[in-house]
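In each ligand, atom 1 is the first atom listed, and ligand 1 is the first ligand listed.
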Amino acid sequence: MMELNRGRLGESFDRPNRIETIAIALAAAGFDPPTSPPDASIEPILVVHDSRYVQFLQRAYHDWIALGREGEALPMAWPVRGMRIDVVPSSVDGRLGYYAFDVGTPITAGTWAAAKGSADSAIAAADVLGHGNSAAFALCRPPGHHAARDYFGGYCYLNNAAIAAQRLLDSGAERVAILDVDYHHGNGTQEIFYSRGDVFYASIHADPATDYPYFTGHADETGADSGVGCNLNIPLPRGTDWDRWSTAFRAAARRIATFGPDVLVVSLGVDTFVGDPLASFRLQSADYLRLGASIAGLTRRVLFVMEGGYAVDELGANVVNVFRGFAEG
Ligand code: SP5
Ligand code: ZN
C-alpha cells in the first residue's frame, strides 16, 4: 500500500505484519489467541456510516480497474471552501476526492473485505462485552478513528470504535464513553458523535497545529446541540513524555467519570511510543503498563479497539503491556 509522505509516494507505515506481531505477542504472554470474527450483517455499519459512502467503498476499486488503471486507487482533487459538495461526481476520480481527505489511504482489491472484517471484529468484541465479560479487545486492521460518517483517510475506511460504541448502545447501554489514546486526533469518531449526548468522546493527541490530521483536534471543539460538553480534546506538544501525557489522562479520566458511562471504548493507538516512525511523543514501553493500569483504575468494563502504532519491532510488547497493566492494575 502506498502513501504520500514528505512529497514522495512510498510504502505505507500501516504494514500487514503489525497485526501478526501483536497476535504472536498476546499468545506468548498467555492471553487468549485472537479468533476470526463471524461475518456480521452490514446493518451495524450502516447505523454509523452513510449508505452511499459504503457503496462507494464497495465499488471503487472495480470502477478504477474498469477505467484501465493499474495498482491502487488514490484521489488527486478535493472540494475545499465554497466548492460544490451537494453533488457527488460520477467518475471514480471525482468520487475518490469527494470521499477521501488524504493521499495516504489507497483503495485496493482487498480494501472492502479488510475494512468489513475489521469492523466485524469490533462488532464481535462489543457482543462479547454484551454477554457479561468485563473486557474485550478487537485487533482491528485497518484502523478506524479517522473515518467519519462519509469520508475516509489516515489508513481508516470504517470507524470500528464508533461502530462498536453504537452496537453497545443498541444492545442496552445508555451512555458510552470513548477514550482515544492514539497519537493522532480521531477526527472521524469526533465527527460521528459530535452532536450527541449519549457518547462522550475524549482524545489525547498531538496538537493539530503541527501534526496530522491538521484540521481537527483543537481544545475548543467541545460538541454541538445535544452533544455540547460531550467532546474533550487535549492536544499536546511534540516530545510529550509519560509525565505530561499522564497528566492529560487524569484530566480526561475525571471528565469520563463525571459523564458516568455504562461502558468505555478505548481507541488503542500505541503510536505515542518514542520509537514510532511517524509520530513524536516519547512514551517508553514500560509506560504502557501504567497506561493499562490507569484505564483499569477508571473502569474494568472496557472494549479496546486497535488503532495506530507503527514501530513494528516493539508493537507487540507495547500492546501486551497495556493489557498486562490493565489486568494487574
Ligand atoms: C490510525 C493512524 O494512526 N493513522 C495515522 C495516519 C497518519 N498519516 C499521515 C502521517 C504523516 C506523517 N508524516 C511525518 C513522517 C515523519 N517521518
Ligand atoms: Zn495514529
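- Panel note: side chain Arg255, backbone Ala202; no donor-acceptor pair is recorded below 3.5 Å.
- Below 4.0 Å from some heavy atom of Asp271 lie the following atoms of ligand 1, by number and element: 3 (O).
- Proximity of Asp182 to ligand 1, defined as any heavy-atom pair under 4.0 Å, is confined to the side chain (atoms from C-beta onward).
- Only the side chain of Tyr310 comes within 4.0 Å of ligand 1, counting heavy atoms alone; its backbone N, CA, C and O stay farther away.
- Between Phe323 and Phe304, the ring centre distance stays below 6.0 Å.
- Tyr310 and Tyr155 have their aromatic ring centers within a separation under 6.0 angstrom.
- Between Tyr99 and Tyr53, the distance from one ring center to the other falls under 6.0 angstrom.
- With respect to atom 4 (N) of ligand 1, the closest heavy atom belonging to the protein is Gly154 O, 3.0 Å.
- Short contacts between ligand 1 and His145, defined as distances under 4.0 Å to a heavy atom of the residue, involve ligand atoms 1 (C).
- A 4.5 Å side-chain heavy-atom check between Asn233 and Ile204 finds every atom pair outside the cut-off.
- Of the charged side-chain nitrogens involved, none lies within less than 4.0 Å of a carboxylate oxygen, so that Arg238 and Asp207 do not count as a salt-bridged pair.
- The closest side-chain heavy-atom distance from Tyr201 to Leu232 is not below 4.5 Å.
- Counting protein heavy atoms only, atom 14 (C) of ligand 1 is closest to Asn5 OD1, 3.9 Å.
- Within the 4.5 Å cutoff, side-chain heavy atoms of Leu158 are placed close to those of Trp112.
- Under a 4.0 Å heavy-atom criterion, Pro277 is in contact with ligand 1.
- Here's the thing with Arg6: one of its N/O atoms is less than 3.5 angstrom from an N/O atom of ligand 1.
- The residue Asp102 has no part lying near ligand 1, judged by heavy-atom distances below 4.0 Å.
- Here's the thing with Phe13: none of its N/O atoms is less than 3.5 angstrom from an N/O atom of ligand 1.
- Near Gly308, meaning under 4.0 Å from any of its heavy atoms, are these atoms of ligand 1: 3 (O).
- Ligand 1 has no nitrogen or oxygen under 3.5 angstrom from a nitrogen or oxygen of Glu3.
- Atoms of ligand 1 lying under 4.0 Å from at least one heavy atom of Pro143, given by number and element, are 1 (C).
- Among the atoms of Glu307, no N, O or S atom falls under 2.8 Å of the Zn ion (ligand 2).
- Among the heteroatoms counted here (N, O or S) of Asp271, OD2 is the one nearest to the Zn ion (ligand 2).
- Looking at Asp182, its N, O or S atom nearest to the Zn ion (ligand 2) turns out to be OD1.
- One of the N, O or S atoms belonging to His184 lies under 2.8 Å away from the Zn ion (ligand 2).
- In this structure the side chain of Val305 never reaches within 4.5 angstrom of the side chain of Val266, judged on heavy atoms.
- Residues His49 and Asn159 have side chains in contact (heavy-atom distance under 4.5 Å, counting atoms from C-beta outward).
- In this structure, the ring of Tyr212 has its center no less than 6.0 angstrom from the ring center of His185.
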